Amino acid sequence: MRFDILTLFPGMFSSPFGESILGRAIEKGLIQIRIINIRDFALDKHQVVDDAPYGGGQGMVMKVEPIARAIEQVKSGDASARVIYLTPQGRPFDQERARELASYPRLILLCGRYEGVDERVRDRFVDEEISIGDYVLTGGELAAMVVIDAISRLLPGVLGSDRSAVEDSFFNSLLEYPQYTRPFDFKGSLVPEVLISGNHQSIAQWRRKEALRRTWLQRPDLLEKARLSPEDRRFLGEIKKENCKSQMADRELENHRAEKTEIPN
Ligand code: 4FV
């Protein structure tokens, strides 16, 4: 898969794509990354890429011409390449969109800076807008790296064993179950017995229940989207009961502590 990145700060991409899984994927030719400096397409003497907003207001806006020339040049080889603009106004990025975009042969990622790009860039050249979250970054570069990372790890051969992407969080729209590794006993905190039982069915059931528990506690919104089996619903029933018990236990403990600290009258 090929990613063309349009940016004013090409240097930002050197290290993220030089290391670890993505670095190896590039070495193995599983992904190709081309960094295009938008400033190279500003043809005036000072290579100006931004200007003051019409109608006044704070900040600067990225000019349409350098971006237009850059996209035309990048697309010259293959007009089918999809142009994605990273912006807080975009569709929230998620695992489902990562999976869908992983089927494209090429993606062109446009990184904004300052107050963003001239609106005519979006009208004429942008196929899709993606946001990585409801907060404002100094530039779209980090968002482009996030999108490339999330897509690339879904491509065959990029992760060690292709199986691991299947067990991802959000794969079945549940959060991931707790993970443990050696030592079995860390300062009295032990690994759950079931995980050393060798009983794969009990381990799978424990993991499913813990994934449901974590999702119910931290992302109940995901449970609405999840396909739950009758066993899942039974687990959720147990989880809610267990949660009540632990909350009551916490409250009793609080009351007990409060009594103990009360100044004897
Ligand atoms: C962003 C986001 C983001 C906005 C102004 C770049 C910045 C500056 N991109 N998801 N959140 N972009 O904050 O994608 O131009």
Side-chain angles (χ1 to χ4, degrees), residues 1-17 22 31 33-42 44 46-72 74-75 81-104 106-154 168-170 173 218-219 221-222:
M1 180 169 185
R2 176 164 150 191
F3 298 96
D4 293 297
I5 304 170
L6 279 69
T7 175
L8 288 173
F9 298 95
M12 284 183 69
F13 294 89
S14 49
S15 59
F17 297 138
L22 292 185
I31 58 175
I33 301 209
R34 250 175 17 124
I35 315 285
I36 294 99
N37 188 338
I38 295 168
R39 197 177 295 280
D40 297 343
F41 296 84
D44 59 296
H46 304 294
Q47 291 194 300
V48 175
V49 294
D50 62 330
D51 201 345
Y54 274 118
Q58 46 123 28
M60 298 292 271
V61 175
M62 290 177 77
K63 291 171 63 62
V64 59
E65 306 100 320
I67 298 173
R69 291 191 201 96
I71 291 178
E72 280 152 4
V74 168
K75 284 190 89 165
R82 188 172 186 76
V83 177
I84 296 179
Y85 176 42
L86 290 307
T87 169
Q89 292 103 41
R91 162 191 166 165
F93 186 55
D94 59 13
Q95 192 68 10
E96 188 190 352
R97 193 61 189 139
R99 261 199 303 274
E100 291 156 359
L101 290 172
S103 64
Y104 285 77
R106 275 189 69 187
L107 292 177
I108 298 172
L109 302 178
L110 172 59
C111 305
R113 279 275 158 173
Y114 321 120
E115 300 311 308
V117 300
D118 184 295
E119 193 63 16
R120 292 163 288 187
V121 171
R122 300 161 103 151
D123 303 341
R124 291 166 170 266
F125 299 102
V126 170
D127 300 307
E128 177 174 352
E129 299 189 356
I130 284 180
S131 169
I132 64 165
D134 295 343
Y135 39 80
V136 181
L137 304 168
T138 58
E141 284 77 12
L142 294 174
M145 295 177 202
V146 165
V147 168
I148 291 171
D149 187 291
I151 293 172
S152 300
R153 62 186 296 287
L154 298 174
D168 276 350
S169 282
F170 311 108
S173 62
Q218 286 159 220
R219 292 292 307 279
D221 57 301
L222 292 173

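FYI, side chains are in, hydrogens and waters are out, and symmetry mates aren't considered; it's all heavy atoms of this structure. FYI, the numbering just counts along the sequence from 1. Quantities reported herein were computed from a predicted structural model and do not represent experimental measurements. Whatever order the structure lists them in is the order used to number ligands and atoms, beginning at 1.
- For ligand 1, the atoms closer than 4.0 angstrom to any heavy atom of Gly133 are 11 (N).
- Note on ligand 1: Ile130 sits in its first shell, one or more heavy atoms being nearer than 4.0 Å.
- Under 4.0 Å is where a charged nitrogen must lie from a carboxylate oxygen, and between Arg69 and Glu72 no such pair does.
- Contact between Val117 and Val61 at its shortest, heavy atoms only, is C-CG1, 3.8 Å.
- For ligand 1, the atoms closer than 4.0 angstrom to any heavy atom of Ile132 are 10 (N), 14 (O).
- Listed by atom number, the atoms of ligand 1 under 4.0 Å from Ala143 heavy atoms are 9 (N), 14 (O).
- Under the 3.5 Å distance criterion, with hydrogens and angles disregarded, no donor-acceptor pair is assigned to the side chains of Glu129 and Thr87.
- Within ligand 1, counting atoms from 1 as listed, the ones closer than 4.0 Å to a heavy atom of Tyr135 are 11 (N), 13 (O).
- Among protein heavy atoms, the minimum distance from atom 13 (O) of ligand 1 is reached at Leu137 N, 2.8 Å.
- The backbone N or O of Lys63 sits nowhere less than 3.5 Å from a side-chain atom of Asp118 that would complete a donor-acceptor pair.
- Residue nearest to atom 12 (N) of ligand 1, selected from Pro92, Cys111, Pro88: Pro88 (by heavy-atom distance).
- Separating the CG atom in Asp50 from the OH atom in Tyr114 is a distance of 4.5 Å, to the nearest 0.5 Å.
- Of all the atoms in ligand 1, the ones that sit under 4.0 Å from a non-hydrogen atom of Arg113 are 15 (O).
- Taking CD1 of Ile84 as the start and CZ of Phe93 as the end, the distance is 8.0 Å to the nearest 0.5 Å.
- Both the backbone and the side chain of Ser131 come within 4.0 Å of ligand 1, counting heavy atoms alone.
- Close contacts of ligand 1 with Gly112, meaning ligand atoms under 4.0 Å from a residue heavy atom, involve 6 (C), 15 (O).
- Looking at Arg82, its side chain never comes within 3.5 Å of a backbone N or O of Glu128 through a donor-acceptor pair.
- Considering backbone and side-chain atoms together, Thr138 places no N or O closer than 3.5 Å to any N or O of ligand 1.
- Listed by atom number, the atoms of ligand 1 under 4.0 Å from Tyr114 heavy atoms are 5 (C), 8 (C), 15 (O).
- When each atom of ligand 1 is checked for a heavy atom of Gly139 under 4.0 Å away, the hits are 6 (C).
- In terms of polar-atom proximity, defined here as any N/O pair under 3.5 Å, Val136 makes no such contact with ligand 1.
- For the pair Arg122 and Glu119, the salt-bridge criterion is met [side-chain N within less than 4.0 Å of a carboxylate O].
- Expressed to the nearest 0.5 Å, how far CG of Asp51 lies from CE of Met62 amounts to 12.5 Å.
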